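Just below is one structure, and these are the notes that go with it.
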Amino acid sequence: MAYSTLSAPASTGFSVRVRGVAAGLIQNWKLRREYQRTVRELRALSSRDLADIGLSRCAIPGAAREHVYGK
């Protein structure tokens, strides 16, 4: 009986890993900016407007997090 194993190359190169880390950091930075912008815009709404869309002031961070990160 024959067995076969597939494996990735042992080293992918330092520059490839650095680019991957940099891309992840940039993506996280962009998501954080979007979160902050969303919170800022929701906090600018009046209590009446927030009530119309079904939010209270204490629910703003959670709603912004769900909007940006999908969690």
Side-chain angles (χ1 to χ4, degrees):
M1 183 181 288
Y3 292 96
S4 175
T5 353
L6 297 175
S7 62
S11 83
T12 58
F14 180 73
S15 62
V16 173
R17 290 188 302 232
V18 169
R19 276 181 273 167
V21 168
L25 289 173
I26 290 169
Q27 180 64 21
N28 287 342
W29 178 72
K30 287 179 180 179
L31 288 173
R32 180 66 181 168
R33 284 187 58 196
E34 176 68 19
Y35 169 79
Q36 291 171 337
R37 185 176 68 83
T38 304
V39 168
R40 186 174 49 250
E41 289 178 3
L42 286 173
R43 285 186 175 154
L45 294 175
S46 69
S47 295
R48 175 74 184 248
D49 290 335
L50 286 172
D52 286 345
I53 61 173
L55 282 178
S56 62
R57 293 223 174 259
C58 65
I60 289 174
R65 188 171 28 263
E66 184 177 339
H67 169 73
V68 174
Y69 299 107
K71 297 178 183 175

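Because the structure is predicted, anything quoted here is derived from the model rather than measured. Numbers here are sequence positions counted from 1.
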- Val39: hydrophobic cluster co-members (side-chain, 4.5 Å): Leu31, Tyr35, Leu42, Leu45, Leu50, Ile53, Leu55, Ile60, Val68, Tyr69
- Could you grab the distance from atom CZ of Arg40 to atom CD of Gln36, nearest 0.5 Å is fine? 7.0 Å
- Message: Please determine whether the number of non-hydrogen atoms from other residues, nucleotides or ligands lying under 6.0 Å from atom CZ of Arg57 exceeds 12.
- Response: yes
- Item | Arg33 vs Arg37 side-chain heavy atoms within contact, under 4.5 Å | no
- Task: Could you list the residues that satisfy salt bridge (charged side-chain N to carboxylate O under 4.0 Å, His left out) with Glu66, not counting sequence neighbours?
- Result: none
- side chain to side chain contact (heavy atoms under 4.5 Å, CB included) involving Asn28 - partner list, sequence neighbours excluded: none
- Item | Salt-bridge contact Glu34-Lys30 (side-chain N to carboxylate O under 4.0 Å) | no
